[in-house]
Every structure is written in structure tokens, then in C-alpha cells.
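Let me begin by presenting the structure, written as C-alpha cells, before commenting on it.
What you see is a predicted model, and the numbers here were worked out from it, not measured in a lab. Positions are given from 1 along the sequence.
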Amino acid sequence: MKTPSAFYQPLAIGAPSPFRELPVTLERMIHFVPPHIEKMRAKVPDLIKKVDVVLGNLEDAIPADAKTDARNGFIQLAKDNDFGSTGLWTRVNCLNSPWFLDDLLEIVPAVGDKLDVVMLPKVEGPWDVHYLDQLLAQLEAKSGLAKPIMIHAILETAEGVKNVEAIAAASPRMHGMSLGPADLAASRGMKTTRVGGGHPDYAVLADPEETGNARTAYQQDLWHYTVGKMVDACLSYGLKPFYGPFGDFSDAQACESQFRNAFLMGCLGAWSLHPTQIDIAKKVFSPDPAEVAFAKKILDAMPDGTGAVMIDGKMQDDATWKQAKVIVDLAELVSSKDSELAEIYGL
């Protein structure tokens, strides 16, 4: 890790300085687009109006013989569209793949001025971030970019989860992290073929009854530990944690439940792999209007954030003021992009 005096210095002569603080942006859903498919690229102008982040996917789910087409398609969709306040990301191929280097060498010079974040798969330690950090700085300098491109790490190996704090601290270019449950399950040797969500066999049983009735099983969350560990690492270093993919598009109820668990634990958004998941993420990762109204009551009653008051029969103090501030700040951010919710929130 670099010394504090050098931490925020550019890694290449002529590269832009890293952000001292992350840009304040709304990222409730990171919507994946397969850019090698022309009809999917044609939908991007409408997607920009509906989602918070458009991500051109170059890695998993892109066939090996379509990797070059996906890269070229992403460059084209970036050139063809004005993204405004909607983020533009790409998930490049993993570092040990034969496509990673060309992904960076072609995308950054072509559309680096529009690109906000590079999502890096299968990050196992800070060394992976350091390599991409240096490479991005060199390409930014060569391309004359004025704004630094951020790095978003996917936690999808056991070693990556083990090293999550070191990954979070690796670079000022770090934007955040996402849980990658499918690859992580394989890396851990977990016995599931599901992409995110729970499993009916991962459960605890109620105590036996004297009547001999069947014991009730309570399904548990396979990802609770990892999400909690990721959230702690991200928030310790001022980064943004995200839930990753939920693969069963036919089960909207389970998707919403998994997203909501992640939201309550501190995640700011999730991946949307199918159009039906966009509205689920929008609903879940926007604070509930009733919660916003109550949080506003707390802030109004404690303008300086100190002391204790009673509101609706409940004691509120410095700690709950901080909780209320999180909710109202998020509501204000959502309101800046969503006029309908701004009216509901009264903001």
C-alpha cells in the first residue's frame, strides 16, 4: 500500500488525479447489456431513461467467439449515446483471460471520456487492483483524459472474500464491490447451482414437538456472511457495496426478497440482468416513503443531531438521528433523478 502522501498521486505522468471522494451518484440498478447483439444495443437509448447504470458486459455470458464483437459493440453504444446522469460501466474479461488486455487497450482510448467505471471480475487481492490501476493511469495519460475511470471489484472467489479489506484499501480509484454468488459458490465448493438467492436445504429446524408433528424448517441466507463482510469493508473505506446477480428471472418475489436483504444490510444497489428486475431494484433500493417521512420527523425534531426526543411514542437520540440522516440523504439523491418519487417524498 502506498504511503499517505503518495496515495492520491496519479500513477502516470499526465493522468488525472484520483477522486478524493467518490462522486455522489444514484446506482440502484446496474443493468447488464450484451453489446454484441445489435437489437440489444438499439434498446440503450430507452434504457438510459429507465436505469441508473448501463453496463456493457464483455465477460461471463458472452461466448468466446463473440468477445471481439462485444468489445466493438460496447465502443459503438458508448459513442452513439448521451448518457447524461446515467452511469456507463463495462465489465471487462478477467485478468488471466486472453481478452482482458485488448478490452482496456481498445476501450479507454476510444470512449474513456464517457466511461465511469470498469468492473473487474474475480478479484483475489490488492495486486489485481494495482495492476488495473496502473494500466488505467497509463491509458488515461496517453488518451488525454481529464476524468479518472474508477474500478469496481467483484467478489467471486474464496481468496477474494478473505482479502476483502485489502482490496477495498488498494487504490483511490476503487468505486465499490459486488457479490458474485455463482463463481463464489464454485470457488468455495458449495453444493448449489443457483445464481444468488437461497436454497431450500440450507435451513435450521424448529425443536421437536411432543405431538410428533413434522418439524418446521426455516430457510437461511447463504450470502448473509459475505454480504456483511463486504459491506463492512466497503463502508470502512468509503466505497459502495452492491448485491450482484439473481439468476431466476421467473421468481420476482425471491429476487425482491434477496435484494431487500442486501438493501437493509447496507448495499446501495444490485445487478439487473433482465428488464423485469429493473423495477424490482428501483422499488427496493429507493427508501420507503413512510420511512422517509418518519426520518424527516427525527431530523426536524433534532436539528443539531444531539439530545433525545420522543416521536410517536419512540425515543430518538443521536444514534437514531444518524440512521434518519442515511434515509433522508438517500431519498434526496433518489429525488434528484426521479421526479415521481420526489413528489411522494415531499422533497
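Judged by distance alone, the side chain of D116 and the main-chain N or O of L88 form a donor-acceptor pair under 3.5 Å. Distance alone, capped at 3.5 Å, is enough to place a donor-acceptor pair between the Q277 side chain and the F246 backbone. A donor-acceptor contact shorter than 3.5 Å links the side chain of K296 to the backbone of Y345. Between the side chain of T86 and the main chain of I48, a donor-acceptor pair closer than 3.5 Å is present. No donor-acceptor distance shorter than 3.5 angstrom exists from the side chain of D338 to the backbone of V334, with no hydrogens or angles considered. Counting only distance, with no hydrogens or angles, the side chain of T226 and the backbone of W223 share no donor-acceptor pair below 3.5 Å. No side-chain donor-acceptor contact under 3.5 Å links S143 to the backbone of L145. Judged by distance alone, with hydrogens and angles left aside, the side-chain atoms of N163 form a donor-acceptor pair with the main-chain N or O of E124 at under 3.5 Å. Side-chain atoms of D317 never come within 3.5 Å of backbone atoms of G307 as a donor-acceptor pair (strictly under, hydrogens ignored). A distance-only check finds a donor-acceptor pair linking the side chain of D52 to the backbone of R28 [under 3.5 Å].
There is a path of hydrophobic side-chain contacts, each under 4.5 Å, that joins Y202 to V227. Follow the hydrophobic side-chain contacts under 4.5 Å out from Y243 and you reach M190 in the same cluster. Criterion: ILVMFWY side-chain heavy atoms under 4.5 Å apart, direct or through other members. Under it, V231 and I327 are part of a common hydrophobic cluster. Taken together through direct or relayed side-chain contacts under 4.5 Å among Ile, Leu, Val, Met, Phe, Trp and Tyr, L11 and L104 form parts of separate hydrophobic clusters. L77 and W89 fall into different hydrophobic clusters, where Ile, Leu, Val, Met, Phe, Trp and Tyr side chains are chained together by heavy-atom contacts under 4.5 Å.
In E165, the CD atom is not crowded: 12 or fewer heavy atoms of neighbouring residues, nucleotides or ligands sit closer than 6.0 Å. Surrounding CG of L264 are more than 12 heavy atoms belonging to other residues, nucleotides or ligands, all under 6.0 Å away. Within a 6.0 Å radius of NZ in K337, other residues, nucleotides and ligands contribute more than 12 heavy atoms. By the 6.0 Å contact criterion, CD on E332 is enclosed, its count of non-hydrogen atoms from other residues, nucleotides or ligands being greater than 12. Within 6.0 Å of CD in E291 there are 12 or fewer heavy atoms belonging to other residues, nucleotides or ligands.
Paired with H175 under the rule side chain to side chain contact (heavy atoms under 4.5 Å, CB included), one option of V117, L239, I149 passes, and it is V117.
Using bins of under 30°, 30° to 60° and over 60° for the plane-to-plane angle, the ring pair F259/F285 lands in the tilted bin. Between F100 and Y131, the ring planes are tilted. Angles from 30° to 60° get that label.
The existence of a salt bridge linking K191 and D201 is excluded, since no basic side-chain nitrogen approaches an acidic carboxylate oxygen closer than 4.0 Å. A salt bridge does not link K67 with D103: none of the charged nitrogens is closer than 4.0 Å to a carboxylate oxygen. The existence of a salt bridge linking D60 and K122 is confirmed by a sub-4.0 Å separation between a basic side-chain nitrogen and an acidic carboxylate oxygen. The pair E340-K282 does not count as a salt bridge, with every side-chain nitrogen at least 4.0 angstrom from each carboxylate oxygen.
A heavy-atom distance below 4.5 Å is not found between the side chains of K147 and P16. Using a 4.5 Å heavy-atom threshold, the side chains of M150 and P23 count as touching. Between C234 and K240, every side-chain heavy-atom pair lies at or beyond the 4.5 Å cut-off. Residues I154 and W271 form a side-chain contact, since some pair of their non-hydrogen atoms from C-beta on lies under 4.5 Å apart. The shortest distance between side-chain heavy atoms of L135 and L101 falls below 4.5 Å. You'll find the side chain of M230 reaches within 4.5 Å of the side chain of C267, heavy atoms only. Looking at heavy atoms from C-beta onward, L47 lies in side-chain contact with I278 at the 4.5 angstrom threshold. Annotation: side chain of P18 is not in contact with side chain of R173 (no heavy-atom distance under 4.5 Å).
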Q. Does the pair E27 and L268 meet the rule for a side chain to side chain contact (heavy atoms under 4.5 Å, CB included), with working shown?
A. CA-CA 7 Å; E27 295 160 339; L268 300 183; 5.7 Å; no
Q. Please walk me through it: do K229 and V161 pass side chain to side chain contact (heavy atoms under 4.5 Å, CB included)?
A. CA-CA 8 Å; K229 190 171 183 180; V161 174; 4.0 Å; yes
Q) Could you go step by step and tell me if F294 and D288 meet the side chain to side chain contact (heavy atoms under 4.5 Å, CB included) rule? A) CA-CA 10 Å; F294 187 70; D288 180 83; over 6 Å; no
Q: Report the C-alpha separation of D221 and Q258 in whole Å, then their side-chain angles, then the decisive distance to 0.1 Å, and conclude whether the side chain to side chain contact (heavy atoms under 4.5 Å, CB included) test is met.
A: CA-CA 9 Å; D221 186 353; Q258 186 68 75; 3.6 Å; yes
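The two atoms that bring S272 and H31 nearest to each other are OG-ND1, 2.8 Å, heavy atoms only. In terms of heavy atoms, A153 sits closest to I167 at CB-CG2, 4.1 Å. The two residues L132 and V118 have their closest heavy-atom pair at CD2-CG1, 4.0 Å. Listed here is the closest heavy atom pair of L105 and L139: CD2-CD2, 3.8 Å. Across A158 and L184, no two heavy atoms sit closer than the pair N-CD1, 3.8 Å. Of all the heavy atoms in A270 and G244, the pair that sits closest is CB-O, 4.1 Å.
For the atom pair CG of D279 and NZ of K283, the computed distance is 10.0 Å after rounding to the nearest 0.5 Å. Here the CE-OG1 distance, from M315 to T320, works out to 6.5 Å after rounding to the nearest 0.5 Å. In this structure, the separation between CD on Q316 and CG on L299 is 10.5 Å, given to the nearest 0.5 Å. Here CG of D183 is found 7.0 Å from CD of E59. Values are rounded to the nearest 0.5 Å. From S286, atom OG reaches atom CG of L341 across 5.0 Å, with rounding to the nearest 0.5 Å. Here the CG atom belonging to N93 is positioned 10.0 Å from the CG atom belonging to D102, to the nearest 0.5 angstrom.
With no hydrogens or angles considered, no side-chain donor-acceptor pair links T157 and E159 at under 3.5 Å.
Figure legend: R91 and F32 shown without cation-pi pairing, the cationic atom not lying both under 6.0 angstrom from the six-membered ring centre and within 45 degrees of its axis.
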